[in-house]
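A short write-up of the structure that comes next.
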Amino acid sequence: RIASLENRQRRDNPPKLPPGAAKAEGLWKTDLKKNTETLLVSLADLAALIPEPPPRKGGTFYLWHSKFNRQGTRIMQVLRCLLPDGSGGRNPMVFTLKPDGTDIRAIEHGPMWGQRGGHPAWHCDGQHVTRNMDIGGKSRLCQWHYDGSGFRVLSEKLVSGGHPTVEPRGRFAITDHIEHAGTSTVTLRLLDLSSHTELAVCR
């Protein structure tokens, strides 16, 4: 959500976020019965927890992908920062927090800035987060505990990518792969994380 409640109706010309980490914008909690909204965590709150300063000043922070786990006990939130010169990509950083906005934890591996990878998702157990990460120059499916501990690569052999989801037992993952050859072809890939083999389910 990048606009105030009053301005959200102006969808033809939405306001822009100011440079830096705004204190009045961020992750909003909506009560669907009362039709009310409250700011749960601001962009400034999350940016203040980044242990490393940005490589260049003047970047703009914004949020992407807010997801409850299935149990409703934690929220996963991606924080992005677009640097003014457009360099360094969007610098996606992942945090988890309690539904009341407390106990914010960073999910990281290596430097916070310049990480390559994306598409984080909750594991079915509600305790772990999976995400594509660049490990040794190749995309691998990785996993953390929600507090940022216990990092591990789920398969050192299978290439990840797409939007992966791991099934409850932890053996299989499903993900998509887009091939650009004249017309786009999307393949659904079933990854066996035990035997490190894969099967194209459909295209």
Side-chain angles (χ1 to χ4, degrees), residues 1-2 11 14 27 30 60-83 86-97 105-146 148-203:
R1 181 179 184 274
I2 62 169
R11 298 186 184 279
L27 181 62
T30 303
T60 301
F61 287 90
Y62 65 102
L63 299 184
W64 196 262
H65 291 302
S66 307
K67 301 178 181 179
F68 268 108
N69 61 6
R70 291 187 178 187
Q71 295 76 11
T73 56
R74 286 194 79 83
I75 299 168
M76 181 186 66
Q77 179 62 63
V78 176
L79 175 69
R80 286 179 171 181
C81 184
L82 190 62
L83 298 176
S87 64
R90 297 183 179 91
N91 294 283
M93 293 166 268
V94 182
F95 296 85
T96 75
L97 57 145
R105 303 295 186 97
I107 303 290
E108 59 180 294
H109 176 68
M112 293 291 287
W113 296 93
Q115 288 189 22
R116 295 181 59 189
H119 300 137
W122 280 108
H123 190 282
C124 298
D125 63 10
Q127 297 291 308
H128 295 87
V129 172
T130 58
R131 181 188 180 190
N132 299 319
M133 291 291 292
D134 187 329
I135 305 295
K138 293 185 178 181
S139 180
R140 302 297 189 197
L141 183 57
C142 302
Q143 181 174 285
W144 296 256
H145 189 261
Y146 71 74
S149 65
F151 170 82
R152 67 189 184 104
V153 180
L154 297 183
S155 175
E156 297 281 0
K157 298 180 180 179
L158 294 174
V159 175
S160 186
H163 303 75
T165 300
V166 179
E167 53 90 24
R169 296 173 299 169
R171 176 174 177 179
F172 296 102
I174 189 79
T175 191
D176 56 304
H177 175 69
I178 301 177
E179 302 172 10
H180 297 280
T183 59
S184 294
T185 299
V186 179
T187 303
L188 290 183
R189 303 165 55 221
L190 181 66
L191 309 180
D192 188 327
L193 302 175
S194 178
S195 64
H196 305 286
T197 57
E198 68 173 271
L199 175 68
V201 178
C202 65
R203 290 184 175 88

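Basis for what follows: all heavy atoms, side chains included, without hydrogens, waters or symmetry-related copies. Computed from a predicted structure; not experimentally measured.
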Can you sort out the partners of [X] under salt bridge (charged side-chain N to carboxylate O under 4.0 Å, His left out), two or more places apart, ordered by chain and number?
X      : value
Arg203 : none
Arg74  : Asp103
Arg70  : none

Test side chain to side chain contact (heavy atoms under 4.5 Å, CB included) applied to Asp125 - qualifying residues, sequence neighbours left out: His123, Gln127, His128

Sequence neighbours excluded, which residues qualify as ring-ring contact (aromatic ring centres under 6.0 Å, His included) partners of His109? Phe151

Run the numbers on Ser155 and His196 for side-chain hydrogen bond (donor to acceptor under 3.5 Å, both in side chains), then give the verdict. CA-CA 6 Å; Ser155 175; His196 305 286; 2.8 Å; yes

Just verifying a value: how many Å separate Ile75 CD1 and Tyr146 OH, rounded to the nearest 0.5 Å? 13.5 Å

What residues, two or more places apart in sequence or in another chain, satisfy side-chain hydrogen bond (donor to acceptor under 3.5 Å, both in side chains) together with [X]?
X      : answer
Gln77  : Ser66
Glu198 : Arg189
Ser195 : Asp192, Thr197
Ser139 : none

Name each donor-acceptor pair under 3.5 Å that joins a side chain in residues 162-170 to protein atoms two or more places apart or in another chain, with its distance.
from	atom 1	to	atom 2	distance (Å)
His163	ND1	Asp176	OD1	3.1
His163	ND1	Asp176	OD2	3.2
His163	NE2	His119	NE2	3.3
Glu167	OE1	Arg169	N	3.0
Glu167	OE1	Arg169	NE	3.3
Glu167	OE2	Gly170	N	3.3
Glu167	OE2	Arg171	N	2.9
Glu167	OE2	Phe172	N	3.1

Say whether, by atom type as modelled, one donor and one acceptor occur between the side chain of Trp113 and the main chain of Asn91 under 3.5 angstrom. no

Any donor-acceptor pair under 3.5 Å from Arg140 side chain to Leu158 backbone: yes

Carefully, step by step, assess Leu97 and Leu27 under the rule side-chain contact (heavy atoms from CB on, under 4.5 Å). CA-CA 11 Å; Leu97 57 145; Leu27 181 62; 4.3 Å; yes

Quick note, salt bridge (Lys or Arg N to Asp or Glu O under 4.0 Å) partners involving residues 149-164, not counting sequence neighbours, are none

